[in-house]
2 protein chains.
Amino acid sequence: MSPVYPSAQRKIACESCALYELCEPVAAGDRLLDLIEPQIRKDITLQPGETLVEEDLHANFFYAITSGSFKLTNRTLNGTQVTGFLFPGDLIGHEAQHRGQYAATAVALETSRVCGLAMEDLRHMLGNVHPLYQRLINLHARHAYLQFRQTRLIMPRTSAAGKLCAFLFDLHLRAEERGFDGSRLRLPMNRADIANFLGLTQETLSRVFSRLKRERILDVSAKHIQILQIEAIQKLASD
Amino acid sequence: MSPVYPSAQRKIACESCALYELCEPVAAGDRLLDLIEPQIRKDITLQPGETLVEEDLHANFFYAITSGSFKLTNRTLNGTQVTGFLFPGDLIGHEAQHRGQYAATAVALETSRVCGLAMEDLRHMLGNVHPLYQRLINLHARHAYLQFRQTRLIMPRTSAAGKLCAFLFDLHLRAEERGFDGSRLRLPMNRADIANFLGLTQETLSRVFSRLKRERILDVSAKHIQILQIEAIQKLASD
DNA sequence: TCCGTTGATTGATATGCGTCAAATTACTGA
DNA sequence: TCAGTAATTTGACGCATATCAATCAACGGA
């Protein structure tokens with residue numbers, strides 16, 4: 001067997017592509033192919049370092065990688081965070097269907113090729129078929145976006161305070177999105193669960209809580225947290 | 001404003017629920033409500049510590065949380081890893097539409113209520129409408145599953161070797177899934193990107209590479225990695 | 001071929017986190 | 001209210017990783 005993705009030039013077979021289900025419907029006789037195939041922009045080529053989509057920009061297309069590779073990055077307060085690596089068969093930007101903005105920047109690591117599909121075209125095709133589709137897709141895209149945020153921006157922090165603050169900031173955002181006061185959090189889980197989630201020990205977690213309390217950034221009383229300085233939290237969350 | 005999720009008893013409004021788009025279609029006059037609403041199992045109640053769905057078990061239902069909270073966990077070689085926390089409005093188990101098995105175990109952190117929808121019912125409703133739907137949902141569910149695996153099982157490792165091995169093991173799996181030899185990896189990204197991704201410094205990353213090479217677990221030559229002992233990698237990946 | 005530049009590895013030291021242990025605080029039920 | 005237990009915090013110490021710095025290898029252009 002050959003090594004993985006032996007060269008950027010070698011394309012994967014369409015059968016291995018995440019878009020295959022749309023590009024080449026298997027069920028014989030169904031007319032999806034006629035519907036989708038003409039809309040696909042094939043063989044868009046990117047040079048190493050070139051940006052395909054940019055975080056927070058308006059999302060018009062989503063893509064499937066056919067050869068090469070990409071890194072995903074997100075901006076933080078103190079620099080850039082690499083949030084993933086994508087290979088042939090993976091999708092880029094499809095989660096943007098939820099907010100209409102890309103969740104991350106995608107940069108080609110080598111000469112790479114992608115197929116593109118316009119969100120608008122997809123919406124049209126789906127809209128013509130049944131309104132339920134868009135709802136379901138939105139539901140999935142929303143979940144994917146939240147999952148992405150919850151994980152990729154919390155975990156890679158190097159310091160314990162960074163992890164905890166990123167975690168608290170995520171809870172803050174999620175509370176605000178639900179229309180609650182994001183500065184007053186109730187933590188229904190115990191310290192052991194938080195520590196396990198963050199890849200820390202209970203003791204270290206507890207020490208960080210104590211430190212943030214001592215520095216008047218948080219008010220901690222068991223499962224109830226009051227955020228006193230949200231900017232400080234957000235700043236520490238990038239460490 | 002009140003604190004977040006002030007008590008487990010307090011339900012969120014249906015408007016805040018991720019399932020709202022299915023439960024209560026906004027567009028007046030469309031008949032989705034008639035289709036979906038009778039299928040929803042409402043107000044299923046769970047006690048603290050009760051398990052709603054279990055990792056790898058056959059997935060019949062997916063759920064939306066209406067009150068309370070859950071933790072997601074996954075089994076690893078040396079114990080249980082907490083992989084997320086979910087609150088009212090979040091979905092549980094919908095990503096299982098891809099493999100037919102739940103990606104994680106969901107345990108109630110407090111007395112909680114959920115609404116459930118049978119995958120089968122959803123498939124039927126959608127199947128009657130258009131075959132394109134299942135394709136799109138599969139595409140999203142597949143991506144969500146891969147994203148979940150790539151992130152939640154790599155990042156919370158405490159040791160540097162654990163992070164790197166979890167990363168390599170993920171690349172290994174992704175290569176095998178594409179029909180390549182997963183023991184020979186080409187890393188198109190540079191060390192700085194990997195280090196940033198894993199929340200390590202370049203130097204530490206390099207030392208771990210050297211150590212694994214010295215211990216004959218890897219063969220490292222710049223961007224080409226040969227995995228000599230995959231079991232050792234998998235074992236270290238749980239540290 | 002050689003040099004200049006970038007990327008990767010190795011080294012020395014300080015700091016932060018994990019570990020083991022104890023003390024304190026919160027919770028539960030009688 | 002109180003006791004008994006679990007959960008959380010605090011303390012002391014060793015080790016792993018970050019930091020700062022130097023060396024080495026890889027690559028591209030003249």
Side-chain angles (χ1 to χ4, degrees), chain A residues 7-8 47-49 71 78-79 81-82 107 109-111 155-168 185-215 217-225 236 238-239, chain B residues 7-8 47-49 71 78-79 81-82 109-111 155-168 185-215 218-225 236 238-239:
Chain A
S7 81
Q47 298 306 316
K71 67 174 173 183
N78 25 320
Q81 175 63 48
V82 176
V107 177
L109 292 168
E110 54 198 322
T111 303
M155 299 311 312
R157 310 289 108 228
T158 51
S159 73
K163 286 181 177 179
L164 176 55
C165 288
F167 174 64
L168 291 176
L185 302 172
R186 189 177 59 90
L187 305 179
M189 69 296 282
N190 59 31
R191 297 288 192 266
D193 283 339
I194 301 176
N196 181 307
F197 177 74
L198 296 177
L200 298 171
T201 59
Q202 266 186 72
E203 296 91 328
T204 298
L205 178 69
S206 181
R207 277 181 244 275
V208 177
F209 265 126
S210 300
R211 182 192 133 195
L212 295 177
K213 187 175 180 177
R214 198 165 48 242
E215 295 176 356
I217 293 173
L218 291 182
D219 204 2
V220 185
S221 70
K223 298 197 180 306
H224 288 269
I225 305 290
L236 286 169
S238 303
D239 283 341
Chain B
S7 81
Q47 297 307 316
K71 66 174 172 183
N78 22 319
Q81 175 63 47
V82 177
L109 291 168
E110 56 198 321
T111 303
M155 299 313 312
R157 310 291 105 228
T158 50
S159 74
K163 286 181 178 179
L164 176 55
C165 288
F167 174 64
L168 291 176
L185 303 172
R186 189 176 59 88
L187 305 179
M189 69 295 283
N190 59 30
R191 297 287 191 266
D193 283 339
I194 301 177
N196 181 307
F197 177 73
L198 297 176
L200 298 171
T201 59
Q202 263 186 75
E203 294 93 329
T204 297
L205 178 68
S206 181
R207 278 181 243 274
V208 178
F209 265 125
S210 300
R211 181 191 134 195
L212 295 177
K213 188 175 180 178
R214 199 163 49 240
E215 296 176 356
L218 291 182
D219 204 3
V220 185
S221 70
K223 297 195 182 306
H224 288 269
I225 307 288
L236 285 169
S238 304
D239 283 343

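Chain identifiers are assigned alphabetically (A, B, ...) following the order of the sequence lines, protein sequences preceding nucleic acid strands; residue numbering begins at 1 within each chain. Computation of the quantities below employed the complete heavy-atom set of this structure, encompassing side-chain atoms and omitting hydrogens, waters and symmetry-equivalent molecules.
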Candidate pair B:K223 and B:M189, rule side-chain contact (heavy atoms from CB on, under 4.5 Å), full reasoning
CA-CA 8 Å; B:K223 297 195 182 306; B:M189 69 295 283; over 6 Å; no
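The CD-P distance, from B:Q202 to C:dG7, rounds to 9 Å in whole Å. Rounded to whole angstrom, the span from the CZ atom of A:R157 across to the P atom of D:dA18 amounts to 13 Å. Across the protein-nucleic acid pair, A:L198 atom CG and C:dG18 atom C1' stand 15 Å apart, rounded to whole Å. Protein atom CD of B:E203 is 13 Å distant from nucleotide atom C1' of D:dT23, rounded to whole Å. Atom-to-atom, NZ of A:K213 to C1' of D:dT10 comes out at 13 Å; the value is rounded to the nearest Å. When rounded to the nearest whole Å, the span between CD1 of B:I194 and P of C:dG7 equals 14 Å. Computed from coordinates, the A:R207 CZ to C:dA23 P distance equals 16 Å when rounded to whole Å.
Minimum atom distance to the side chain of B:T204 is reached by D:dT17, of the listed D:dT17, C:dC17, D:dT9.
Here B:S210 lies in heavy-atom contact (under 4.0 Å) with sugar-phosphate atoms only. Among the heavy atoms of the strands, none lies under 4.0 Å from A:G162.
The backbone N or O of A:L200 sits nowhere less than 3.5 Å from a side-chain atom of A:T204 that would complete a donor-acceptor pair.
Fit an axis to the five pairs at each end of the helix from C:dT1-D:dA30 to C:dA30-D:dT1 and the two axes sit 50° apart, to the nearest 10 degrees.
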Nucleotides 24-30 of chain C: protein proximity per nucleotide (B base, S sugar-phosphate only, - neither; heavy atom, under 4.0 Å)
-------
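Regarding contacts with the backbone of D:dT9, a side-chain N or O of A:R191 is found under 4.0 angstrom from either OP1 or OP2.
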